[in-house]
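Throughout, protein chains are lettered first and strands after them, A, B, ... in sequence-line order, and every chain is numbered starting at 1. Worth knowing before you read on, the calculation uses all heavy atoms, side chains too, and leaves out hydrogens, waters and symmetry mates. Predicted model only: the values in this text are computed from it and were never measured.
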Number of protein chains: 2
Amino acid sequence: MAYCNWFFLEKTLNTKNEVATGHRSGCPINLTVEVVGDKWSLIVVRDMMFGNKRHFRDLLTHSQEKIASNILADRLRRLTAEGIVSKADDPSHKQKAIYSLTEKGIELVPVFAMIGAWGSKWLPVSEELSIRARLLEEGGPPLWEEFMDDLRVAHMGVMPDPKKTGPDVRERLQAAYEAVLARQASGRASEVTG
Amino acid sequence: MAYCNWFFLEKTLNTKNEVATGHRSGCPINLTVEVVGDKWSLIVVRDMMFGNKRHFRDLLTHSQEKIASNILADRLRRLTAEGIVSKADDPSHKQKAIYSLTEKGIELVPVFAMIGAWGSKWLPVSEELSIRARLLEEGGPPLWEEFMDDLRVAHMGVMPDPKKTGPDVRERLQAAYEAVLARQASGRASEVTG
DNA sequence: CCTAATGATTGCTTATTGCAACCGGTTAAT
DNA sequence: ATTAACCGGTTGCAATAAGCAATCATTAGG
């Protein structure tokens, strides 16, 4: 990748590529940015992946970043068209849809891990918001694989490994987050009292 | 990361965070997307990182994706303000500027590696455009570290390791790309000749 | 019956992107 | 000396995208 180079020949290929496929270029970086490189698509996938949000209203009302409904609808449509997300009827309500990550979507886990690691190192995040990034980074590819297996169970109906017991990766990340919160809350209490 | 959860307490924190810092939320994923999650910033960094483009005109005219000059100027300004890129005078011309990646920018290498790996697996890239993604993915963190060291030499004036000889990582990726091109060109020739 | 839930859609305003021409100054070529 | 190329942008305008808040018809629960 990048990847795309600067030779005359590639300029020619670029023209043909754009005509044939509608893409700015055939570079994997560029193609990925075209698919998920807007301000909202990765947020939607994140909420599905880590927050277990699978319904429109959930994604809309529990969005920390306050996504607008037209943007959410548009992004879900695009992600579904791209094959990163799938949509099915939910049996609990005639109008209710359940959105699921596909294998293509699940394999964004390493991308999220690296984005999170970079962000938590270089941007003004708080401890409780960076703990999960740290754990994913420390866990490395074995932890990502385990997380992806968990997601295949939850989102694609893959049979869980019968040898696997205990909380899944998302739950463990959540527990670590809550532990930091609890520590901060008790620290805050002693500040107030002390 | 992701991280950001859905508790009442976090809703409160979110409000304070937004007031204090101007961010949608303090989640590392969201913060990273706010910084580099538009359609063009990662392309600019990619061209600096992998194409060794360091000047405005180079970035403008050798952009495979045909970036517009106002967008390029804006993105360079933003990346510089964010500390991902630095700008200095180039001694070869009074008006000429040279843009360099900072440590913060260089440490985006793993993000690019993962984005490239995902894109080359799931999106319609060609073989020659995905070979470098494959190599970076296969090389893993040791290869990324080596690449980052190379970038620190090229962009930050770090002294090269005297024990290191031979082509740097970017050159090796480029050579692999050219080898695929050469193979395709000879394959094409035999097609033409029958 | 009324209220809540459902996944959107809509009308409008604001912001961003993209195109292509342009700018004043500096350096190189003729 | 004149002309051409280089330099990093800036500009005016049209097209597109994002954001806000209200709205919609249908479905389910009390």
Side-chain angles (χ1 to χ4, degrees), chain A residues 6 14-15 18-19 22-25 30 33-45 47-48 53-82 85-100, chain B residues 6 14-15 18 22-25 30 33-44 47-48 53-82 85-100:
Chain A
W6 326 113
N14 182 45
T15 305
E18 201 167 341
V19 169
H23 297 293
R24 296 185 298 186
S25 84
N30 173 67
V33 166
E34 283 182 10
V35 171
V36 296
D38 62 284
K39 293 285 187 189
W40 288 107
S41 294
L42 284 179
I43 301 295
V44 173
V45 175
D47 289 355
M48 292 177 70
K53 297 300 164 191
R54 310 281 295 279
H55 300 286
F56 190 94
R57 290 282 162 161
D58 271 357
L59 287 158
L60 185 67
T61 54
H62 294 105
S63 161
Q64 252 209 332
E65 293 82 14
K66 309 287 180 352
I67 189 169
S69 61
N70 58 329
I71 302 301
L72 177 59
D74 180 63
R75 293 302 185 279
L76 284 170
R77 184 193 56 75
R78 287 195 211 174
L79 289 168
T80 303
E82 188 56 45
V85 166
S86 65
K87 175 182 177 182
D89 292 337
D90 190 292
S92 63
H93 190 310
K94 265 260 181 68
Q95 292 175 307
K96 192 162 189 172
I98 184 161
Y99 293 92
S100 304
Chain B
W6 326 115
N14 182 43
T15 305
E18 204 168 336
H23 297 294
R24 295 185 297 186
S25 83
N30 173 66
V33 167
E34 284 182 11
V35 169
V36 296
D38 62 283
K39 292 287 187 190
W40 288 107
S41 295
L42 285 180
I43 300 294
V44 173
D47 290 355
M48 292 177 70
K53 297 301 164 190
R54 309 282 294 279
H55 301 285
F56 190 93
R57 289 285 160 164
D58 271 356
L59 287 158
L60 185 68
T61 56
H62 293 105
S63 162
Q64 251 209 331
E65 293 82 13
K66 308 289 178 1
I67 189 168
S69 62
N70 57 331
I71 301 300
L72 176 60
D74 180 63
R75 292 303 184 279
L76 284 170
R77 185 193 55 74
R78 288 195 210 174
L79 289 167
T80 303
E82 188 56 44
V85 166
S86 64
K87 177 183 177 183
D89 293 336
D90 191 298
S92 64
H93 190 306
K94 264 255 183 65
Q95 294 173 307
K96 194 163 189 171
I98 183 162
Y99 292 93
S100 304

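B:Lys96 meets the side chain to side chain contact (heavy atoms under 4.5 Å, CB included) test with B:His55, B:Asp90, B:Ser92, B:His93; sequence neighbours excluded. Residues that satisfy the side chain to side chain contact (heavy atoms under 4.5 Å, CB included) test with B:Asp89, not counting sequence neighbours, are absent from this structure. Residues passing the side chain to side chain contact (heavy atoms under 4.5 Å, CB included) test with A:Ala97 are A:Lys87, A:Tyr99, sequence neighbours excluded. Legend: residues meeting side chain to side chain donor-acceptor pair (under 3.5 Å) with B:Ser100, ordered by chain and number and at least two apart, are B:Arg54. By the side chain to side chain donor-acceptor pair (under 3.5 Å) test, B:Arg77 pairs with B:Asp74, sequence neighbours left out.
Separating the NZ atom of B:Lys66 from the P atom of C:dG18 is a distance of 13 Å, rounded to the nearest angstrom. B:Ile67 has its CD1 atom 16 Å from the P atom of C:dA20, to the nearest Å. In this structure, B:Leu60 places its CG atom 12 Å from C1' of C:dC19, rounding to the nearest Å. Atom CG in A:Leu72 sits about 15 Å away from atom C1' in D:dC20, given to the nearest Å. One interatomic measurement links the two molecules: NZ of B:Lys87 to P of D:dG8, which rounds to 9 Å at whole-angstrom precision. Atom-to-atom, CG of A:Asp89 to P of D:dT26 comes out at 17 Å; the value is rounded to the nearest Å. Between A:Leu76 atom CG and C:dT6 atom P there is a gap of 15 Å when expressed in whole angstrom units. Atom C1' of nucleotide D:dT27 and atom NZ of A:Lys96 are separated by 12 Å, given to the nearest angstrom.
Between A:Val44 and A:Leu79, some side-chain heavy-atom pair lies under the 4.5 Å cut-off. Side chains of A:Leu76 and A:Leu59 form a contact here, defined as non-hydrogen atoms less than 4.5 Å apart.
Of all nucleotides listed (C:dG7, C:dT9, D:dG8), C:dG7 comes nearest to the side chain of A:Phe56.
The CH2 atom of A:Trp40 sits 7.5 Å away from the CG atom of B:Asn30 when rounded to the nearest 0.5 Å.
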Distances under 3.5 Å between protein N/O atoms and the N/O atoms of nucleotides 28-30 of chain D, please, pair by pair.
residue : atom : partner : partner atom : Å
D:dA28  : OP1  : A:Lys94 : N            : 3.4

Set out, line by line, the N/O atom pairs under 3.5 Å between protein and nucleotides 14-18 of chain D.
residue : atom : partner : partner atom : Å
D:dA18  : OP1  : A:Arg75 : NH2          : 2.4
D:dA18  : OP2  : A:Arg75 : NH1          : 3.3
D:dA18  : OP2  : A:Arg75 : NH2          : 3.1

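Between the B:Lys39 side chain and the A:Val33 main chain, a donor and an acceptor come within less than 3.5 Å of each other.
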